[in-house]
Protein chains: 2
Amino acid sequence: MPDVTSERTETDHEVLAAVLQIRSETLQVLLWQRAQQPDRGRWALPGGLLGHDEDVQTSMLRQLEDKVDVREVAHIEQLGVFSEPRRVPGIRLVATTFLGLVPCDADPTVPEDTRWHPVAELPPTAFDHAEIVRDARDRLRAKLSYTNLGFALAPQEFTISELRELYVSALGHPVSATNLQRVLARRGVLVPTGEVAPPGPTGGRPAALFRFAERRLRVTDASAVLRPPNVGD
Amino acid sequence: MPDVTSERTETDHEVLAAVLQIRSETLQVLLWQRAQQPDRGRWALPGGLLGHDEDVQTSMLRQLEDKVDVREVAHIEQLGVFSEPRRVPGIRLVATTFLGLVPCDADPTVPEDTRWHPVAELPPTAFDHAEIVRDARDRLRAKLSYTNLGFALAPQEFTISELRELYVSALGHPVSATNLQRVLARRGVLVPTGEVAPPGPTGGRPAALFRFAERRLRVTDASAVLRPPNVGD
DNA sequence: TCAAAAGTGTTCTAGCTACACCCATGG
DNA sequence: CCATGGGTGTAGCTAGAACACTTTTGA
């Protein structure tokens, strides 16, 4: 409530992003190595303190500019608030966390202290950042199934095989190219460009190129069972 | 990041809950009427400032104790952060928001300045609270379809007709009792108690009583299309 | 002509909808 | 016996899984 008393209740507030990208057929997250105590040498998510005159998402994008070109971030969304009082030793710091996604064909230049790490085998991480990365991965996996979120991992144009590789890397389990193609086509998520990609050195039929019909998040799986009746009318 | 400089960056941080309940076959939200400026006379969500030594959810439950007996809150979850710099006039105040659900058979005593209001026709609300209520309603509607979240709206035991009424009120569209029964039974969400409810004054076959198999949130709709193969094995 | 890669056709099944029909009660 | 509300049986539909088969290329 806005009735702020004289009692001191302010807290520092940071924003943190788990920026994910498929690199070398592996789901990776952008981390930087802390040079100072506490948790010196451990790897941390990019972020920083919330400024006076910005909302959390604006702040997050601003902070990411230092680490990765923001134009490369195809999608960003809030994950949740981490606010355990002792999550960072020494000070009280509340974190609003984000999931960010970078298409696999982008190769942003990142600072010296910054590196991509496979989400499946994280190095020692600072504070509660490993949990945040897990949450981000789980959110991505869930949304790949019932939304068009693949657009944020894929390049502008791609073949079905390439898209399949991305889904396999993100989901961590086999995906059939045949069915992926049909499911996404039926839902109107993919549209053919009409072009084909040249075959590889070992030959094979040239693959048709596709792009995502929309590059903004949309829920595509209507199979929520308690939806309104007669939707088809 | 925990490298807090001498520069002043602290912000006040509040927690706000949209507490929803089905009352008189209508989805309603608990609001209190502001007695002070700003936005005096307008209706606001219950909440308050985050304390020094509590996480946001603990704080939220503590603040709700004043407005509604916490034991009545069957489910609570984070909705998101609202942080637009001028969302509250005069001060910078970041809000972590929650969705809370109260079973329809609970009738918590609420303070003088507090009242339930239909979500569909809100009175003039303070600040950005109407948007928060909308988000809460949308979250509830979505999760009713693919989780067992109904447990948080329903009493311990109920007939299928009663449950159907709750779903209709929350979703805002017709729901077939026949199919509701079968879907929830197939998913193992409902279990029959073996008892029956006495028929009403106009007769009719007595209805079987059910309860929710679990009273903690569980995702029950496996129809995420890109799930691992051979789940049935 | 063969291997490799891409794409299509077809069958099978699970889960949901719709609707007819049967059941148990009060009057 | 009938009206009322509750519950079940069943047929049809749709989306997805699995897999065989065809198409198009390079060598």
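Order of the sequence lines sets the chain letters (A, B, ...), proteins ahead of strands, with each chain counted from 1.
Residue contacts for B/Pro201: at a heavy-atom cut-off of 4.0 Å it reaches the sugar-phosphate backbone alone, with no base atom in range.
For the salt bridge (Lys or Arg N to Asp or Glu O under 4.0 Å) condition, the pairs that include at least one residue of residues 141-150 of chain A, sequence neighbours left out, are A/Glu77-A/Lys143.
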Please set out all donor-acceptor pairs under 3.5 angstrom arising from side-chain atoms of residues 150-159 of chain B, sequence neighbours excluded.
{"unit_1": "B/Glu157", "atom_1": "OE2", "unit_2": "B/Arg211", "atom_2": "NH2", "d": "2.7"}
{"unit_1": "B/Thr159", "atom_1": "OG1", "unit_2": "B/Glu162", "atom_2": "N", "d": "3.1"}

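Residues A/Leu190 and A/Ile160 form a side-chain contact, since some pair of their non-hydrogen atoms from C-beta on lies under 4.5 Å apart.
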*Annotated protein contacts, base or backbone, on nucleotides 2-12 of chain D with a non-hydrogen cut-off under 4.0 Å, one of B, S, - each*: --BBBSBBB--
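Axis deviation across the helix from C/dT1-D/dA27 to C/dG27-D/dC1 amounts to 20°, comparing end segments of five pairs, rounded to 10 degrees.
Taking the side-chain hydrogen bond (donor to acceptor under 3.5 Å, both in side chains) definition, one finds that B/Asp107 meets it with B/Arg23, sequence neighbours left out.
Summarising the geometry, the separation between CG on A/Asp221 and C1' on C/dG15 is reported as 13 Å, rounded to the nearest angstrom.
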*Using the side-chain contact (heavy atoms from CB on, under 4.5 Å) rule, take A/Val29 and A/Trp43 through it: C-alpha gap first, then chi angles, then the decisive distance, then the call.*
CA-CA 11 Å; A/Val29 60; A/Trp43 292 85; over 6 Å; no
*Step by step, would you call A/Glu72 with A/Lys67 a salt bridge (charged side-chain N to carboxylate O under 4.0 Å, His left out)?*
CA-CA 11 Å; A/Glu72 317 272 36; A/Lys67 302 289 179 180; over 6 Å; no
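Contact annotation: B/Arg187 does not reach the phosphate of C/dA14 (side-chain N/O to OP1 or OP2, under 4.0 Å).
Within residues 189-197 of chain B, no residue has a heavy atom under 4.0 Å from DNA chain C.
Electrostatic pairing of B/Arg87 and B/Glu131 does not count as a salt bridge here, judged by no charged N lying under 4.0 Å from a carboxylate O.
Of the N and O atoms on the side chains of B/Ser59 and B/Glu54, at least one donor lies less than 3.5 Å from an acceptor on the other residue.
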